[in-house]
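Input: a single structure, listed below in structure tokens.
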Amino acid sequence: MLKNLVIVESPAKARTIEGFLGKDFLVKSSFGHVRDLSKKALGVDIEKGFLPLYEISSDKKKVVTDLRKLSKDAETVWLATDEDREGEAISWHLAETLDLEEKKIRRIVFHEITKNAILSAIEHPRSIDRNLVMAQQARRVLDRLVGFELSPLLWKKVKPALSAGRVQSVAVRLIVEREEEIRQFKAQSAFKVTADFQVDTPDGPVVVEAELSRKFDNKEEARQFLEACREAKYRVASIETKPAKKSPAPPFTTSTLQQEASRKLGFSVSKTMLVAQQLYESGKITYMRTDSVNLSNLALGMAKEEITGTYGANYVKTRKYTTRSKGAQEAHEAIRPTYMNQAQIEGDVSQQRLYDLIWKRTIASQMADALLEKTTVTIDISNSTEKFIARGEVIRFDGFLKVYKESTDDEDSEEKEDLLPPMQQGQEMHTDDIKATQRFTVIPFRYTEASLVKKLEELGIGRPSTYAPTISTIQKREYVLKGDKEGFKRDYVILSLKKNQLKESVKTEKVGYEKAKLIPTDIGILVNRFLMQFFENIVDYNFTASVEEEFDKIADGKRVWHEVIRDFYHPFHQQIENTQTGTTKFTGEKLLGVDPESGRNVFVKIGKYGPMVQLGDTESEDKPRFARLGKEFTIETIRLDQALELFKLPKVIGDFENEDVTIGVGRFGPYIRHKGIFYSLPKTDDPHSILLARAVEIIAEKREANEKKVIKEFAEDTGIRVLNGRYGPYIQSGKNNYKIPRNVKPELLSLDDCRKIIAEAGETKNNSSRRFIRKKS
DNA sequence: CAGTGAGCGAGCTTCCGCTTGACTT
């Protein structure tokens, strides 16, 4: 008879804990939630007080069967899921689906995976917190109601297969509004004046750069100032030295790890999570989905020891951080190395780089402040009330800076400040190089994946486990795309006074260039406009925060969950009904102009298949013509002449083997059609200008590739073939594909050989431990 | 993949949050 069954959420955690507990305890994992609302329909019975219709998730059937069997045998079942709303709910769902008797159940919680924490948890069991579970149920039901009533409305009014939700729609809104800000942005310019002063020191002359205390609004004022400088004398008015300090950033949470890995390593959010998962599973770091900056006492001790040993005791400063972020639930520790004395690990390059970042950040967080000395020198100008200011900075004690410096999103803020040479109050200063440079206000940055996560976290929207999936969803729906923006060239003026010569010159700078930023598409912009017009309350930046307040009341036993849902749902559903019946299709139609040839109107809008141009009115007697917008155009920016060009396709460009060769643009991009067969056009060929000879070439290439594709066929069994694919030769059997062993020549395979390979592959399938990453579709 | 766009109507799409698994070559 099994004495104790412990159930946690993650299998890696189960392995670790089992080591702490000894032989009377079997530790298993639930792999997260085991039940969810039915996917078939709404999954909520509104008539019956919003009764949730739960089903065991299809991928958890086996988990539940196994746990059910073990729990029947067990004397005591310890539900050790995370101590947050979702974790409490997982325990409750487990108790329900496993049919556990009340007296068998012990609910335990711990925030850190250390032996002491776990043994102490075992000594302090409690029962499942029903209020907290109902708060989770309210959260779940609300998200389902919003998502499954709004999305179908979009299918009807905008375009099929779209989606909307409490989290993703706000993410899209942020990106759309940032783009609008950029569009509206008008750069202001001002003239910044700097002077290079020469200061003599025992080691020779040193240049000190100083900036004028004010900027000039226009060139004339700047010029007047420089003119005056010809006659001016300069003198040090004051020297002020002040101590300053810098403190390290707190240890990583999911969100800050994603931000730093993006800035310092160029990782996408999903890449960061993938690599972190690998580090976690191999026991190198603690759990990677967390909103907590807390470190266990064990970790604090290890950090102290490591810092003392490597840098000395004066570099140690033990710090306890507290979380400020909205809605944080703090079920885990911060993300940190499992063993602080491991500065390096084995692993691939990505793992090593991410680990290095985590190690440094964690260690730095437990190190002393950096002590600085900041010096400000004010220089008087004899014929002006303005002052020149020179600033210098010296690091007196590097402290945590020895290990780690946090980076910022603001690329312009990296001002370098160095040591200033010794100067005296009243000292005369000399300069023969003063410049007034035109500087522009900085255009707002588009979001990166990571800076979007940061913003969402600030708003309390989404959770550590959903940041990466949310970003992938809004890209999959084609609301936003990740891309580069070219930027533009801009002239700026420099006035310079060198050796009393006043000169004006114009230079060019490139601005607004951005790489791997989130840019809204036409569809994203249109869906956002729809939601803003009819469901402003749902995409409100405070919507999540205000429903979270209600969920907290449920958790505190001050409100009943279905009453909270009722109060939300009825007005919301009325909004859905009103929009359903009260509005026509929402296409974002825009009249571009008139086609000079036919005299018909040209429109751009979103159709069933995405952005398109339309020639002729919808109500006109002649059926209007349609053409899809390629990737190179958007509804916002396309011009009439570009739109008219699109109607020139499909067109016949000539004759090959006595049949027409047609060029068109379809769902999957530009194509050539010949004898009813489609050939995709490479990106390098322009469908509007391609010539027959090139088209024939592409057809020939494709035919050749097709011929090469089949290496072997068998008359006895047409279901099995040896083919040449993107990744080399393979065996196809029905719908399944099989790898050919390295030492086998594919063209020599017999039918029996193939069958053998297929049979063997079937066997190894179950005990294979290889990991594959799901390809993004 | 399949190269559409009216309207009909079938049947499909969809949420957020917790986990890892899967298959491919």
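Hydrogens, waters and symmetry mates play no part in the numbers below; they use all other heavy atoms, side chains included. Please read these numbers as outputs of a predicted model, since none were measured by experiment. Reminder, nothing fancy here: chain letters follow the sequence lines and each chain counts from 1.
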So, does the side chain of A/Arg139 form a donor-acceptor pair with the base of B/dC16 at under 3.5 Å?
yes
Report the residues that fulfil salt bridge (Lys or Arg N to Asp or Glu O under 4.0 Å) with A/Asp84, sequence neighbours left out, ordered by chain and then residue number.
none
Flag for A/Arg289-A/Ser465: side-chain donor and acceptor within less than 3.5 Å
no
Counting only side-chain nitrogens and oxygens, does A/Ser465 get under 4.0 Å of the OP1 or OP2 atom of B/dC18?
yes
Would you tell me if any nitrogen or oxygen in the side chain of A/Gln136 comes within less than 4.0 Å of OP1 or OP2 on B/dG17?
no
For a quick test of reading the model: is some side-chain N or O of A/Tyr467 closer than 4.0 Å to OP1 or OP2 of B/dG17?
no
In whole angstrom, what separates A/His93's NE2 from B/dT19's C1'?
14 Å
Which nucleotide in the set B/dG17, B/dA2, B/dT20 lies at the smallest distance from any side-chain heavy atom of A/Ser10?
B/dT20
Applying a 4.0 Å non-hydrogen cut-off, can you work out what A/Pro11 is touching in the nucleic acid: base, sugar-phosphate, or nothing?
sugar-phosphate
Does A/Gly165 reach a base, just sugar-phosphate, or nothing at all? Heavy atoms under 4.0 Å.
sugar-phosphate
Of B/dT14, B/dG17, B/dT20, the nucleotide closest to the side chain of A/Gln168 is B/dT14
note: A/Leu142, atom CG; B/dC16, atom C1'; distance rounded to Å ~ 10 Å
Side chain of A/Tyr287 (C-beta onward), nearest among B/dT13, B/dC15, B/dT20
B/dT20
Rounded to the nearest Å, what distance is computed from the CG atom of residue A/Leu274 to the P atom of nucleotide B/dT19?
16 Å
How is A/Val167 classified with respect to the nucleic acid when contacts are heavy atoms under 4.0 Å: base, sugar-phosphate, or nothing?
sugar-phosphate
Looking just at side-chain N and O atoms, do A/Gln277 and A/Tyr287 make a donor-acceptor pair shorter than 3.5 Å?
no
How many Å lie between OH on A/Tyr54 and C1' on B/dG17, as a whole number?
12 Å
Do NZ/NE/NH1/NH2 and the carboxylate oxygens of A/Asp143 and A/Arg166 come within less than 4.0 Å?
yes
Answer with base, sugar-phosphate or nothing: what part of the nucleic acid does A/Ala89 contact at a heavy-atom distance below 4.0 Å?
nothing
Select one nucleotide: of B/dT20, B/dC15, B/dT13, the one nearest the side-chain heavy atoms of A/Thr473.
B/dC15
Need one value for A/Gly87: base, sugar-phosphate or nothing, where a base atom within 4.0 Å counts as base even if backbone is also close, heavy atoms only.
nothing
Nucleotide nearest A/Lys60 when distance is taken to its side chain, options B/dA2, B/dC18, B/dC16
B/dC18
Return the value, rounded to whole Å, for the distance between atom CD1 of A/Ile677 and atom P of B/dC1.
14 Å
Find the distance A/Lys651:NZ to B/dG3:C1' and express it as a whole number of Å.
17 Å
Work out how far the P atom of B/dT24 is from that of B/dC1, and round it to whole angstrom.
14 Å
It should be established whether A/Ser151 places a side-chain nitrogen or oxygen under 4.0 Å from OP1 or OP2 of nucleotide B/dC15.
no
Looking at A/Ser163, I'd like to know whether one of its side-chain N or O atoms comes within less than 4.0 Å of OP1 or OP2 on B/dC15.
yes
Do A/Glu86 and A/His33 have side-chain N/O donor and acceptor atoms under 3.5 Å apart?
yes
Does A/Phe148 stack onto the base of B/dT14, taking stacking as ring centres under 5.5 Å apart and planes under 30° apart?
yes
Identify whether the distance between the nearest side-chain nitrogen and carboxylate oxygen of A/Lys28 and A/Asp66 falls below 4.0 Å.
no
Would you please determine if the base of B/dT13 is stacked by A/Trp155, with stacking meaning a centroid separation under 5.5 angstrom and planes under 30 degrees?
yes
Grab the two heavy atoms, one from A/Ser10 and one from A/Tyr280, that are nearest each other, plus how far apart they are.
OG-OH, 2.7 Å
Mind telling me whether A/Phe530 and A/Phe586 have parallel, tilted or perpendicular rings, with 30° and 60° as the class edges?
perpendicular
Going by an N to O cut-off under 4.0 Å, is there a salt bridge joining A/Arg107 and A/Glu88?
yes
Phosphate oxygens OP1/OP2 of B/dC18: is one of them under 4.0 Å from a side-chain N or O of A/Arg463?
yes
Using a heavy-atom cut-off of 4.0 Å across all strands, would you classify A/Asp59 as base, sugar-phosphate, or nothing?
nothing
Looking for any heavy atom pair under 4.0 Å, which part of the strands does A/Leu162 touch: base, sugar-phosphate only, or nothing?
sugar-phosphate
Give A/Tyr280 one of three labels, base, sugar-phosphate or nothing, depending on what nucleic acid heavy atoms sit under 4.0 Å from its own.
sugar-phosphate
Looking at B/dG17, B/dC15, B/dC18, which one has an atom nearest to any side-chain atom of A/Arg477?
B/dC15
Donor/acceptor link under 3.5 angstrom from A/Arg140 side chain onto base of B/dC15
yes
Pairs: protein N or O with nucleotides 4-8 of chain B N or O, under 3.5 Å:
| from | atom 1 | to | atom 2 | distance (Å) |
| --- | --- | --- | --- | --- |
| B/dT4 | O2 | A/Tyr609 | OH | 2.6 |
| B/dT4 | O4 | A/Arg628 | NE | 3.4 |
| B/dT4 | O4 | A/Arg628 | NH2 | 2.7 |
| B/dG5 | N2 | A/Tyr609 | N | 2.8 |

